[in-house]
Structure formats: C-alpha cells, structure tokens
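A short write-up of the structure that comes next.
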Amino acid sequence: MVPEASVLVAVLFVCLGNICRSPTAEGIFRAQVQAAGLSNRIQVDSAGSHAYHEGESPDIRACAAALERGFDLSGQVGRQIKTSDFEYFDYILAMDRENLHFLQKMQPADSHSRVALFLDYAEGREGQSVPDPYFGHSDGFALVIELVESAGKGLLKQIGRNLPKIKT
C-alpha cells in the first residue's frame, strides 16, 4: 500500500479470512470517514490473518446485509496481512482475541502500529470480540454491522481528537 501525501492516519481491520467481519468494518468505517469529510486524511483497508480467501470478494451474505443498511462492500478483494503493514498502518484492529494474539506475535519490535481489539472503541463493548457470522445465520451479519457501526464511531472520534485541524 502506497501512502497518499494527504493521508495522516491509516487504519487496517483484520479478521481470519478477510471475507466477513474485516471487509464489513472496512466498508462501514470508510463510509463513516467519508461522511465526516475526512476521506483525504484517513485511509482504510482490511486483511485476513490467513490467506484462506485471498483474491476473493467479501462473502455474499456480508455484502447483502451491508447493502441493506446502505454500505457497499463491492470492489474489495481479500488479502492476507503482511509484516510491511506494521510499517504503514497506524491502527491495526483485530475483530477477535485470536486474531489480536496473532497480530501481537507478528508485530515487529520496532513497529509503532496500535494493535488492539476493534470493539475497544465501542462504548460498553471494550475487550469483546466481533462474533464470526460465517457459519451462523443471517442475523449474525446484522449483529456484526451493529457492532462495527458503534466501534467505528468511537474510533473516528478518537482519531479526530488527534488529527491536526485543517486551516481554511
């Protein structure tokens, strides 16, 4: 990933295969960033801790659930996290504890990336995991969207406090 000159903060969402939770987080957070008028200052991406679905589009159930709520996940392509991501991304956010532990082990000692659980940014959900809806029912995808929207708002608020103000 090549940083754009105006980007000040880069955020990466990580789940197991990068087809359900992390692409949903990427799509929703990108929409939240755009609605806040910060698309030129905050870059958003997603990855999987494993390459199970590398090169694939997000799960059709995740896409349908997101589209029902006005979020478009099309155009995303699954990829696996790389060590170089720790050089670029300011925030690398895991969807669950298993992926958090994976990322913490993978993180180079000299990395300044903030590695955390995504739901640490959702008030009242700190320390919790976004459940994996892959093997469940369609209501699991709706729950993921609800959790992601909440955590995204908290994350955007946190990032906004640290962004330099734009002079007009």
Side-chain angles (χ1 to χ4, degrees), residues 1 9-81 85 89-103 113-161 163:
M1 176 150 296
V9 177
V11 179
L12 181 67
F13 298 104
V14 180
C15 69
L16 187 64
N18 194 215
I19 61 166
C20 291
R21 295 172 292 170
S22 57
T24 299
E26 176 186 346
I28 290 173
F29 191 63
R30 180 174 283 123
Q32 291 172 325
V33 165
Q34 185 175 11
L38 296 171
S39 294
N40 65 332
R41 305 183 88 201
I42 301 173
Q43 189 165 8
V44 184
D45 197 6
S46 65
S49 56
H50 295 77
Y52 301 137
H53 302 283
E54 196 162 13
E56 295 179 22
S57 298
D59 185 288
I60 58 170
R61 298 166 297 169
C63 291
L67 203 53
E68 255 181 47
R69 297 281 288 272
F71 302 108
D72 184 7
L73 306 185
S74 66
Q76 293 186 38
V77 178
R79 72 174 185 91
Q80 184 176 16
I81 190 167
D85 288 327
F89 288 96
D90 302 291
Y91 293 83
I92 299 180
L93 302 173
M95 296 294 117
D96 58 47
R97 290 188 179 284
E98 182 180 321
N99 284 293
L100 176 63
H101 294 286
F102 177 89
L103 294 170
S113 296
R114 181 178 296 171
V115 176
L117 282 172
F118 183 37
L119 288 187
D120 285 350
Y121 295 94
E123 190 173 327
R125 300 276 188 175
E126 299 89 346
Q128 295 181 23
S129 296
V130 176
D132 190 348
Y134 188 76
F135 291 110
H137 299 288
S138 61
D139 58 342
F141 290 91
L143 175 61
V144 167
I145 291 169
E146 178 184 316
L147 294 171
V148 165
E149 283 182 298
S150 176
K153 288 175 187 174
L155 176 61
L156 191 56
K157 187 175 180 181
Q158 170 70 33
I159 291 172
R161 284 194 288 260
L163 279 177

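All values below come from the heavy atoms of this structure, side chains included, with hydrogens, waters and symmetry mates left out.
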Is Arg125 close enough and on-axis enough to Phe118, meaning under 6.0 Å and within 45°, for cation-pi? no
On a heavy-atom basis, which atom in [X] and which in [Y] lie closest, and how many Å separate them?
| X | Y | value |
| --- | --- | --- |
| Met95 | Ala25 | CE-CB, 4.0 Å |
| Leu156 | Gln32 | CD2-O, 3.6 Å |
| Gly127 | Arg97 | O-NH2, 2.7 Å |

[X]: partners by side chain to side chain donor-acceptor pair (under 3.5 Å), with sequence neighbours left out:
| X | value |
| --- | --- |
| Glu56 | His53 |
| Tyr121 | none |
| Arg69 | Glu149 |
| Glu146 | none |

CA sep, side-chain torsions, deciding dist, call: Arg79, Asp85, salt bridge (charged side-chain N to carboxylate O under 4.0 Å, His left out): CA-CA 12 Å; Arg79 72 174 185 91; Asp85 288 327; 2.9 Å; yes
Say whether, by atom type as modelled, one donor and one acceptor occur between the side chain of Gln76 and the main chain of Ser74 under 3.5 angstrom. no
Are the side chain of Gln80 and the backbone N or O of Ser49 linked by a donor-acceptor pair below 3.5 Å?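 Answer holds: yes.
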Under 4.5 Å between any side-chain heavy atoms of Arg21 and Asp132, yes or no? yes
Got a sec, which residues hit salt bridge (Lys or Arg N to Asp or Glu O under 4.0 Å) with Asp90, two or more places apart in sequence or on another chain?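 Partners of Asp90 by the salt bridge (Lys or Arg N to Asp or Glu O under 4.0 Å) criterion come out as none, since no residue qualifies.
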Which pairs pass ring-ring contact (aromatic ring centres under 6.0 Å, His included) with one or both residues in residues 17-48, sequence neighbours excluded?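 Every pair satisfying ring-ring contact (aromatic ring centres under 6.0 Å, His included) with a residue in residues 17-48: Phe13-Phe29.
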Reported CG-to-CG distance for the pair Leu119 and Leu155, which is rounded to 0.5 angstrom: 11.5 Å
